[in-house]
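In listed order, ligands and their atoms are each counted from 1. If you read the sequence from its start, that first residue is 1, and numbering goes on from there.
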Amino acid sequence: MTEIATRFAPSPTGRLHLGHAWSALQAHDFATERHGHFLLRIEDIDPGRARDEHVSGILEDLIWLGLAWEGEIVFQSQRLALYAMALEDLKERGLVYPCFCTRAEIAREIAASASAPHGPDGPHYPGTCRGIPATVADARAAHEAHCWRLDVAKARAAAGPLTWTDGNGMAQRARPEMHGDVVLARKDAPVSYHLAVTIDDAEQAISHVVRGVDLWHATHVHRLLQALLDLPTPVYIHHALIGTASGERLAKRNGAPAIADLRAAGADPGELIEAMRAGRFPNGYRLLDLPDDAPRQGTS
Ligand code: GLU
């Protein structure tokens with residue numbers, strides 16, 4: 001039997017808020033209740049937004065909450081060579097292509113098209129650079145800023161039908177095409193979230209990815225990448241998110257309480273965690289409904 005391992009994988013772009021604490025708690029308890037391992041990964045690949053002081057803030061907050069992780073912390077910024085190797089492999093197989101479009105060009109192209117397909121994150125990339133012949137694309141890529149996009153139709157055809165198992169033990173059919181040609185390496189960063197997270201979950205031998213339902217749609221892409229890169233597929237459990245009483249997701253802009261603020265206000269971390277375990281949240285906050293197409297959380 002494989003060992004149970006979960007992870008909490010925050011991006012150090014700010015202090016942790018109540019929603020992060022809830023997510024860390026879900027992953028932590030899933031592992032510890034099963035004598036498994038709870039690991040920590042810092043997703044610091046966004047050069048514009050990741051900050052060292054937020055890393056120390058996150059560690060401080062987790063320690064204060066009593067959500068201890070096991071072993072070395074993995075920093076994505078130290079693993080860029082690994083992601084580059086995977087991207088190289090996909091390039092050699094013709095499954096990714098360089099895209100030179102600016103945001104404004106993409107927006108114009110979409111506005112001009114009568115029926116641009118939409119995915120969960122907005123309109124699909126219209127595919128402008130998909131058809132550039134490889135020799136031309138290579139020559140341009142040598143001196144023009146570009147990102148790398150997955151040719152999702154081609155990748156899908158190469159991988160065949162795919163499923164993964166959810167927390168209820170049910171098979172979920174992967175529909176990565178709902179996103180269009182996603183970015184795997186950005187103009188300003190050598191890797192995107194999708195590629196890095198997929199590789200790291202495999203490298204860290206994560207058996208169960210326990211994360212927010214906001215990432216439910218992303219799992220469809222991750223499953224495809226696993227097939228392309230010959231990586232194992234964990235079980236995926238997507239938990240409901242904490243929101244405001246009026247149903248808004250937590251974010252800095254709607255005043256989501258930072259864990260550091262709760263601490264400064266004299267909150268008792270043990271009480272906070274125990275209350276959340278019992279499904280009770282600080283005043284004004286509650287669990288939000290799951291989107292219709294996401295499975296209800298299960299733990300079988
Ligand atoms: N780094 C992501 C975030 O902070 C979470 C990644 C994941 O759990 O897959 O939203």
Tell me, which protein residue and heavy-atom name are nearest atom 5 (C) of ligand 1, and how many Å apart are they?
Ala9 O, 3.3 Å
Relative to the heavy atoms of Ser11, which atoms of ligand 1 are at a distance of less than 4.0 Å?
1 (N), 2 (C), 3 (C), 4 (O)
Once you measure the plane-to-plane angle for Phe100 and His146, does it fall in the parallel (<30°), tilted (30-60°) or perpendicular (>60°) bin?
tilted
Give a yes or no on whether a salt bridge exists between Glu177 and Arg175, defined as a side-chain N under 4.0 angstrom from a carboxylate O.
no
Run the numbers for me: atoms of ligand 1, each under 4.0 Å from some heavy atom of Leu215, listed by number.
5 (C), 6 (C), 7 (C), 8 (O), 9 (O)
Assign the ring pair Phe30 / His208 to parallel, tilted or perpendicular, where the plane angle (0 to 90°) is split at 30° and 60°.
tilted
Among all protein heavy atoms, pick out the one at the shortest distance from atom 7 (C) of ligand 1; state its residue, atom name and that distance to 0.1 Å.
Arg7 NH1, 3.3 Å
Within 4.0 Å of some non-hydrogen atom of Val197, the atoms of ligand 1 are 9 (O)
Are Arg7 and Asp200 within salt-bridge range, i.e. N to O under 4.0 Å?
no
So, 4.0 Å and heavy atoms of Tyr193: is ligand 1 close enough to count as a contact?
yes
Would Arg263 and Glu60 pass as an ion pair if we require N to O under 4.0 Å?
yes
Using a 4.0 Å cutoff against the non-hydrogen atoms of Arg211, which atoms of ligand 1 qualify?
7 (C), 8 (O), 9 (O)
Provide, to 0.1 Å, the distance between atom 6 (C) of ligand 1 and the closest protein heavy atom, together with that atom's residue and name.
Glu43 OE1, 3.3 Å
Any ion pair linking Arg15 and Asp261 (charged N to carboxylate O, less than 4.0 Å)?
no
